[in-house]
Amino acid sequence: GICGSDLSPYRGAREQTHVSGHEPCGTVDALGEGVTGWRGGDRVIVHHYEGCGSCKYCRVGYTQLCLHGHVVYGFSGNGGNADSMVVGASTLLPLPDRLSFEAGAAVACGTGTAYMALKRLDVSGRDSLAIYGQGPVGLSATMLATAMGARVVAIDVAPDRLALAERYGAAETINAAVEEPVQAVRELTHGEGADATLDCTGQPSARVNAVRSARVWGRVCFVGEGNTTTFDVSPDVIHKNLTIYGSWTFSTVGMAECAQFIVDRRVPIEDLITNRFSLDQASDAFALFDTGTTGKCVFVLPG
């Protein structure tokens, strides 16, 4: 899968020193010495972080928080945009039979990130949920939150992505390039604001809007990376008794739970995949993804 974080080296903002691709799915080809619990041909999702395996965070599956440092496949270690890759056995999770490799690649980062953010927000059928940004993470959140019963208000500046959000279950859509989103959210929520909001953009203005469009006693979660954001803390946070969460991807346990949720609730995650490419079409794939108009884009290898 292609992720928004892959655009940083693509745009030249940082150097790509290893094989890219941190959303890999595939089959086990060969086992290293002493590896147990897996067989050749097993369908797997790769949790793209590997830590020491023994610290308190690794033991609960949050290897990206490893106290001794971690490898990120696709950035500080070789990733999945190749015919094969070598990973630690502890990073593997079974890919449910009812999920395609493309769907598993979505779960491996963007969709799994959305799922864990929704868990942090404790989203349920009682909630109105405003989601800022309808890229692959935001669209996944729209789809998953709808399956959880929430009333989703999807916000973006790209009409194509808003159309996808409506198709994936959003009850309402707001084009932030045309109307002021905070006021629009309040108008859709009896003047109070949403019960919960989620920012998937990482943009300062969207983060501020996510905070300001949450109601009193509301919950806010940030998953979009990068940038610096300034709030007027007293009126925007303290006086609203607001709870703000940060959520960084997911644990191995959370990724497996997300995959099973999609299967059990029959979430049509395959619809999230709007474009498929071979590896030799990488230039076209990144150029298209960089337009910010697509759903999930993936590389499909032969085999």
Side-chain angles (χ1 to χ4, degrees), residues 1-11 16-33 35 37-50 71-113 135-137 139-140 143 164 249 252 255-256 258-260 262-263 267-303:
I2 304 177
C3 176
S5 57
D6 291 320
L7 292 176
S8 179
Y10 170 72
R11 294 168 178 164
Q16 184 75 49
T17 58
H18 293 78
V19 175
S20 65
H22 64 278
E23 300 182 345
C25 275
T27 56
V28 174
D29 181 60
L31 302 177
E33 184 178 352
V35 173
W38 299 101
R39 297 177 300 176
D42 283 347
R43 303 172 76 246
V44 293
I45 313 176
V46 179
H47 190 251
H48 58 276
Y49 309 102
E50 186 172 12
V71 172
V72 185
Y73 296 131
F75 292 104
S76 54
N78 287 330
N81 290 341
D83 291 334
S84 62
M85 64 183 296
V86 178
V87 302
S90 63
T91 69
L92 299 182
L93 290 154
L95 176 65
D97 289 340
R98 284 174 53 188
L99 293 186
S100 69
F101 290 120
E102 293 98 323
V107 171
C109 186
T111 300
T113 293
V137 176
L139 288 171
S140 294
M143 195 177 283
L164 288 173
T249 55
T252 52
M255 185 165 73
C258 175
Q260 197 59 55
I262 290 168
V263 170
V267 179
I269 204 70
E270 302 285 348
D271 293 345
L272 188 70
I273 316 298
T274 58
N275 302 86
R276 295 169 172 81
F277 299 90
S278 60
L279 284 177
D280 60 6
Q281 296 173 308
S283 179
D284 293 337
F286 279 101
L288 176 63
F289 190 66
D290 197 23
T291 65
T293 59
T294 69
K296 191 69 180 173
C297 296
V298 298
F299 291 115
V300 181
L301 279 65

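What you see is a predicted model, and the numbers here were worked out from it, not measured in a lab. Side chains are part of it too, since the values below use all heavy atoms of this structure and drop only hydrogens, waters and symmetry mates.
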Would you name the heavy atoms of [X] and [Y] that are closest together and state the gap between them?
X	Y	value
Ala103	Ile269	CB-CG2, 3.5 Å
Glu23	Ile2	OE1-N, 3.7 Å
Gly295	Pro136	O-CG, 3.7 Å
Gln16	Pro9	OE1-CG, 3.2 Å
Ala256	Leu93	CB-CD2, 4.1 Å
Tyr73	Gly88	OH-N, 3.0 Å

So do the side chains of [X] and [Y] get within less than 4.5 Å of each other, counting heavy atoms only?
X	Y	result
Thr294	Phe289	yes
Met255	Val107	yes
Thr91	His48	no
Asn78	Val86	no
Leu92	Asp42	no
Glu50	Val87	no

Any chance you could measure [X], atom [atom1], to [Y], atom [atom2], to the nearest 0.5 Å?
X	Y	atom1	atom2	value
Arg11	Asp290	CZ	CG	4.0 Å
Leu164	Lys296	CG	NZ	13.5 Å
Asn275	Asp284	CG	CG	11.0 Å
Arg276	Gln281	CZ	CD	13.0 Å
Asp6	Cys297	CG	SG	11.0 Å
Trp38	Thr27	CH2	OG1	12.0 Å

For the residue pair His22 and Phe75, categorise the inter-ring angle as parallel (less than 30°), tilted (30 to 60°) or perpendicular (more than 60°).
->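 It falls in the tilted class, 30° to 60°.
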Looking just at side-chain N and O atoms, do Thr249 and Tyr49 make a donor-acceptor pair shorter than 3.5 Å?
->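 The criterion, which ignores hydrogens and geometry beyond distance, is satisfied for Tyr49 and Thr249.
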Say whether, by atom type as modelled, one donor and one acceptor occur between the side chain of Ser8 and the main chain of Ser5 under 3.5 angstrom.
->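 Checked: no pair found.
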